[in-house]
Every structure is written in C-alpha cells, then in structure tokens.
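Letters A, B, ... are given to chains in the order of the sequence lines, protein chains preceding strands, and every chain is numbered from 1. Since the model is a prediction, treat every value here as computed from it, not as a measurement.
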Number of protein chains: 2
Amino acid sequence: MSDKYRILIVEDEPLIAEDIAGYLIEYGFDVVGIAGNAETARRMLAENRPHAALLDINLGEGPDGIVVAEDIRDKYRIPFVFLTSFADKGTLERAKKTMPAGYLLKPFNGNDIMTSLEIAIFNHMNATGALQKEPNLEAINTQLPVELSIREYELLLSLRKGLTNKEIGERLFISVNTVKTHLQHLFVKLNTKNRTEAIFRISELMNGA
Amino acid sequence: MSDKYRILIVEDEPLIAEDIAGYLIEYGFDVVGIAGNAETARRMLAENRPHAALLDINLGEGPDGIVVAEDIRDKYRIPFVFLTSFADKGTLERAKKTMPAGYLLKPFNGNDIMTSLEIAIFNHMNATGALQKEPNLEAINTQLPVELSIREYELLLSLRKGLTNKEIGERLFISVNTVKTHLQHLFVKLNTKNRTEAIFRISELMNGA
DNA sequence: TTCAAAATCATCCTTTCGGGTGAGGTGCAC
DNA sequence: GTGCACCTCACCCGAAAGGATGATTTTGAA
C-alpha cells in the first residue's frame, strides 16, 4: 500500500478529469478513481476509500456534485473541494451547507488544486485529532458540586476506554478492590448509578449539556 | 452594530488592498481594516475584532503573513484565507501549519474571494458548535465488516446513554432477554467484550480513528 | 502536632452482565 | 415454498460490577 494520499475525482468531462488527474499525479497524489456521475462516485467512495475528493458540481444528468458532497459529509469522513464555474449565490448556499474544505472557481490550474488539497487534508487530520481530546479535570470539577480527586479522575479516563475493573487495577497498579472503592465515590460525585452512565455524564459535561 | 461580517485585509500593496476591499464591500462584507504589515495587523486584530481575515503572505519588510496567521491561530479564533502568489512547497508547508481556511493563488478575482470567505466563515461557525452529534447508522456501517441491523443500532443509542439492560428493555418495549441477545450480536460486530468497550469503539468510529 | 481528605485494601453480599444454547415468529428474496 | 436475516424470548451459569462497611497509611493543611 502506497503512502500517497488517495484522491477521488468527480467530473463529467473526461478531458478535464484527465487533466486534473495529471496534475494530481504530478504532485504526488494517487488518483483512485474518476467518476462521471453521482452513482459512480458513490460506488467508488465505498470501494476505493479515498482520503479526499475533488467534486465538480455540474455532472450533467442526475444528481449533482453537491449531492455527492452530502453523501460524503454524512457517510464518510473525508475532506473535499468543489471545482466549479458556478459562483452564483444559490449554488454557493447549497454547497457550503456540505461544509467543503474548499471551493475553486474555474479557471483553476494545478497549483490551485494542489494547495487546496494539501490544506484540506492537513486541516482534516488535525481537526479529527483534536476531537479526541480527553476530558480535563478542572473543566469537570467546575461543573460538579463535589470535586473529583486526581485518582478518581484517572479512574475515569480508564473507564472511558472501556476497561474492566481488573484491567484498570493492573494499569494503575492497584487492587481491584481499590478500583471499586474509587468507582463508588466517582458514581456518587457524578450522581450516576453505574459506569456506563458515568461515561455518558462526562460526555455531557464535555459538550456543555 | 451591523450584522455584516467584519473582515480584516492584510496586504502591503495599497492598490491591491483597495481592490479587494471593493470586492468585499460589493459582496456585503464590512472591511474593518487594511493592514500593510504584521505590526498593524496585530493591532487591528486586537482593536477591531474581525470575524475573518484575508492574508497576503508577502508583506515586504518584517514578519510575513504566515506570522500573522500564527498569531490568529493562537490568540484569536477566527478563520482566515491566504491570498498569495507563492505556490512553492516550502511556503505551503509553513502556511498549512497555521490551519488556514483557504489558500488562494494569484490571479484571483472577487468571486474567488467571496466564495472562500463565505465557506470559511460558515465552516468555522459550525465547527465550533456541532462537534458532538449522534452516531449515524450508515456512517457506522460503512466502517464495519458486518453491518448493524436497525434494532441493534437502536440498542446502541440506548447503551450510549448509560441505560441498563432492564431500562433499555422498558424503553424499547422488549424483554431483557431480547436486549441481551441483541447486545451479544452487537459486541461481536463491534469486536468488543462488553458495553463500555462498545461505547468507546463507537466514539472511535465517530472520530475517524 | 493534629485533623481531614485521599488513597489503599479487604470481606461479604446482591445485582447485573455476558456467553451459550435453543427456539418460535415474521417478512422478504430467490 | 425454501431459505435467510432479523427480532423476539427463555433458561442456565459463571464473571463482573456494584453496595456496604471497616481499616490502614499517606499527605497536606490548619
């Protein structure tokens, strides 16, 4: 498996598509598919698992590139850039609701595409990484009537990872009995009945519920 | 106070800056400042509090636009778009670390700027709000070797809320035994040992791990 | 120093969970 | 009609979780 980024091109004009593909390959990307319509795009997304996509909005007959974009936004977690000649307000309004990483208006060249893709992929990697942030003890405590101790907070982090009491004990070098004691205190402070509810409560606190 | 979006322009060529300002005003943006160097940009950021910024990379003497971008990334939470003629790898590498919303290469026109700004601002608003969403069945299934059934998905949603088997049964009007059967299937499909690990796996899938 | 909170561990007991197995009913595709 | 997937439920059993109580040690603040 190559370590190049795998790009899907959705463009109904074969000549333009080939042109774009040439740019991408020249810049060190892998082109994992060229789809001329939404149907093909959908299939290639499922089968080829690209890291990012370039979407023409006008695809002739049938669903347009924005529909493909909605599909990507809902089902796949990859960044994409629109390549289009539509600069009108209506199209832009529809397009931006799909949260594209970029929107390139014709005429564009290889450099335009390359820079937009690079940034789209880079931002996407950092954005998804930032989401996996672990809860912060202070942030939790400010929202609780009774503060968690450091040890209880550590237990909580292990809880979130789906570990059992035994595994938590091994990981923190304490007895299973101690783990249970800490968890009892944790449940009281979080006002929860069990571990799964505790996990849920924490995710609520993290997202300002 | 106007409800227009307030934009800061950082550009050392007065003619180009005026040109851009004209575009923006025409498209309904407010131009809250034109900075010809990093120093002025910094001051205007602090004083005028723009919603977004357009940054030329080359600012003549002194710190360039990427330095301004780093400042924005660290101190302000606003999206920004680079406007530049630098397409070289080195500049792009430096620029993308600042996580710009866009990167427009010269020559660009009013439409290029307008669409990039619209998308930058729109994405920024949605990114800082709707971080945590309910998992989507299709999104999960595309990432699993064996797809979840609808019922199993419903069970999963209840699991995430921290409900016990009994509570889930009552909520879905099925027997606890049925709940257990579904959960067994769920654990196999998610390749997890228990409910808490299943919750963790789902959050991984949602965050593209 | 004294006191209190935190951290550690244990024992006993009940409840819940999870695995295994079997099985009846429905609806849909071939 | 025959499969097949899905949903439903039951019983059994061992493992894990959770509740209650008590106790020791460490640590930091008063």
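What separates CG of B:L155 from P of C:dG18 is a distance of 12 Å, to the nearest Å. What separates CD of A:E147 from C1' of C:dA6 is a distance of 13 Å, to the nearest Å. One atom, CG of B:N177, and another, C1' of C:dG20, lie 13 Å apart when rounded to the nearest Å. Put simply, NZ on A:K180 is 13 Å from P on C:dC12, counting in whole angstrom units. Rounded to whole angstrom, the span from the NE2 atom of B:H182 across to the C1' atom of C:dC17 amounts to 17 Å. Atom-to-atom, CG of B:L163 to C1' of C:dT16 comes out at 14 Å; the value is rounded to the nearest Å. Atom P of nucleotide C:dA6 and atom CG of A:L156 are separated by 16 Å, given to the nearest angstrom. Distance CD1 (B:I168) to C1' (C:dC17): 11 Å, rounded to an integer number of Å.
Side-chain polar atoms of A:R195 and A:N165 form a donor-acceptor pair below 3.5 angstrom. Judged purely by distance below 3.5 Å, without hydrogens or angles, the side chains of A:N111 and A:Y27 pair a donor atom with an acceptor atom.
Of all nucleotides in DNA chain D, those with any atom nearer than 4.0 Å to a heavy atom of chain A start and finish, going 5' to 3', at D:dA17 to D:dA20.
Heavy atoms of A:N165 sit under 4.0 angstrom from primed sugar atoms or phosphate atoms, though from no base atom.
Below 30°, between 30° and 60°, or above 60°: for B:F29 and B:Y5 the angle between ring planes is between 30° and 60°, a tilted geometry.
Taken from CD1 in A:I121 to CD1 in A:I119, the straight-line distance is 11.0 Å, to the nearest 0.5 Å.
Taking a cutoff of 4.0 Å between a charged side-chain nitrogen and a carboxylate oxygen, A:K193 and B:E167 qualify as a salt bridge. A salt bridge does not link A:R73 with A:E70: every distance from a Lys NZ or Arg NE/NH1/NH2 to an Asp or Glu carboxylate oxygen is 4.0 Å or more.
Considering every non-hydrogen atom in both A:G65 and A:F82, the closest pair reads O-CE2, 3.8 Å.
With DNA chain D read from its 5' end, the first of the two nearest nucleotides for B:V176 and A:L183 is the one closest to B:V176.
Side-chain atoms of B:Q184 stay outside donor-acceptor range of the base of C:dG18, with no qualifying N/O pair under 3.5 Å.
For A:H185, no side-chain nitrogen or oxygen approaches OP1 or OP2 of C:dA6 to under 4.0 Å. The phosphate of C:dT8 has neither OP1 nor OP2 within less than 4.0 Å of any side-chain N or O from A:T178.
Counting only heavy atoms from C-beta on, B:F187 has its side chain closest to C:dG19 among C:dC9, C:dA7, C:dG19. Side chain of B:N194, nearest nucleotide from C:dG18, C:dA10, C:dA7: C:dG18.
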